[in-house]
Protein chains: 2
Amino acid sequence: MDTKSLLIDTATTLFQQKGYKSVGLTEILKACNVTKGALYHHFPNGKEELLITCLHGLNEVITTDIKAIFSRHLSTKDAILSMIDKLILNFEKNDTIIGYTFSSIVSEMATMSEPVRIACSALYENIQNLYHEKLLTEGYSNESASAIALLLTASIEGAIMLCITQNSATPLKTIATLLPSILEVNK
Amino acid sequence: MDTKSLLIDTATTLFQQKGYKSVGLTEILKACNVTKGALYHHFPNGKEELLITCLHGLNEVITTDIKAIFSRHLSTKDAILSMIDKLILNFEKNDTIIGYTFSSIVSEMATMSEPVRIACSALYENIQNLYHEKLLTEGYSNESASAIALLLTASIEGAIMLCITQNSATPLKTIATLLPSILEVNK
DNA sequence: GTCTATAAGACGATAGAC
DNA sequence: GTCTATCGTCTTATAGAC
């Protein structure tokens, strides 16, 4: 793998695990055996540019992943439940959720850096759009589809935060039992 | 106000606005005209001890606030809607939600410091207990009351994160339109 | 494109006077 | 209980050799 991709991959994982400020450049560099010179060659504007690139990459990963899950399940309900199952498995393996959430970065950086805020906003918008489209194919109205897409995004992100705080996957499991009825009622 | 309380109040606001790592000790000290010597007299273990004290204080503030709102509204539905209204007002005034959320601290610190994680966990548990009790008085079963309490906490915290990311109160407003039906269905 | 060495500053924390 | 001065350490970022 080329140096640039290696840097992005390593940094993405570390940022998701520890947040932005807690991860030093030296830590990223050590983790993938790259030196400062190389980093500043690929990212002239330094750490923040690296973070934003990571967020763009995450956008693509999440999109293709959700699309794949959605194509395997006809109903939004089954698709969402399968997504949450994957999150739970991910959490129980790594003690943190890598690859899906970026709440640490959002809450740490959204008020500090406008470019980062915009990148995070695009990511959430993207996820909600995927939910929205799936709901439309099931006959939901445009308004209720977008409202439910938002509720799904919010409750899943909130549940992930509770999981991290409690050190347990229970919150995600509980959410999974309640979401089906929400989907049915608002159809 | 005594120096210790002044430090706690100032630090609480700053931590909620900017997160933990982004706020330097010097910034807190300048904001309330206190010197390093005084801070380390009241908090010998430094910044992290100050944070944990802030979280404990936040716990009491949130508890009394939610209890007051709950006593003014008979149904959980009305109480929650009134709570969200207050969050929206808070957000539109300050561009950040001060006094209620601590998501920035959770996601930044939960994986980094075990004492902080425990303090955050206690805070969420407390909030969920308040919801839980209120739901019990309305005749919800014990299990469904605790499940809904969790969903309420998760979806509101998630919505706050979306508000911060999008720089708009719309996510909270949307959540408010959906929560009533969730409360009715699971009764 | 990658390396090392170094700059310049911020950080949390401490010591000792008052 | 509060003050100032200072200590190490860590941080991001740069300069210049290869």
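To find a chain, count down the sequence lines: A is the first, B the second, and so on, and within it residues start at 1. All values below were derived from every heavy atom in this structure, side-chain atoms included, with hydrogens, water molecules and symmetry-related copies excluded.
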K.L.:
Distance-only check: which donor-acceptor pairs under 3.5 Å involve side-chain atoms of residues 168-176 of chain A, not counting sequence neighbours?
P.N.:
residue	atom	partner	partner atom	Å
Ser168(A)	OG	Thr170(A)	N	3.0
Ser168(A)	OG	Thr170(A)	OG1	2.6
Lys173(A)	NZ	Glu92(A)	OE2	3.3
Thr174(A)	OG1	Thr170(A)	O	3.0

K.L.:
Does Glu114(B) come within less than 4.0 Å of Arg117(B), counting only side-chain N to carboxylate O?
P.N.:
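Arg117(B) and Glu114(B): salt-bridged.
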K.L.:
What's the CG-P distance between Leu29(A) and dT4(C), to the nearest Å?
P.N.:
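It is 11 Å, rounded to the nearest whole Å.
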K.L.:
Send over the distance from Leu51(B) CG to dG12(C) C1', rounded to a whole Å.
P.N.:
14 Å
K.L.:
With Lys4(A) as the cation and Phe43(A) as the aromatic partner, state whether NZ or CZ is under 6.0 Å from the six-membered ring centre and within 45° of the axis.
P.N.:
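Judged by the rule, Lys4(A) and Phe43(A) form a cation-pi pair.
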K.L.:
Give a yes or no answer on whether the side chain of Lys21(B) reaches the backbone of Glu108(B) with a donor-acceptor pair at less than 3.5 Å.
P.N.:
no
K.L.:
Along DNA chain D, 5' to 3', what are the outermost nucleotides having an atom less than 4.0 Å from a heavy atom of chain B?
P.N.:
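Listing 5' to 3', DNA chain D meets chain B from dG1(D) to dT4(D).
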K.L.:
Assert yes or no for the condition that the ring centre distance of Phe102(B) to Tyr20(B) is strictly below 6.0 Å.
P.N.:
no
K.L.:
Give one of base, sugar-phosphate or nothing for Gly37(A), where a contact means two heavy atoms less than 4.0 Å apart.
P.N.:
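Base, at least one base heavy atom under 4.0 Å.
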K.L.:
Lys21(A) NZ to dA10(C) P: how many Å, rounded?
P.N.:
14 Å
K.L.:
Closest nucleotide of DNA chain D for Val23(A) versus for His41(B): which of these residues is on the 5' side?
P.N.:
His41(B)
K.L.:
Can you tell me how far C1' of dA13(C) sits from NZ of Lys47(B), to the nearest Å?
P.N.:
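After rounding, the reported distance stands at 12 Å.
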K.L.:
Take atom OH of Tyr40(B) and atom P of dA13(C), then tell me their distance rounded to the nearest Å.
P.N.:
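These atoms are roughly 4 Å apart.
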K.L.:
How long is the line joining CG of Leu25(A) and P of dA10(C), in whole Å?
P.N.:
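My rounded result for the distance is 17 Å.
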K.L.:
Ignoring hydrogens and geometry, is there a side-chain-to-backbone donor-acceptor pair from Thr13(B) to Asp9(B) under 3.5 Å?
P.N.:
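Looks like yes, one N/O pair under 3.5 Å.
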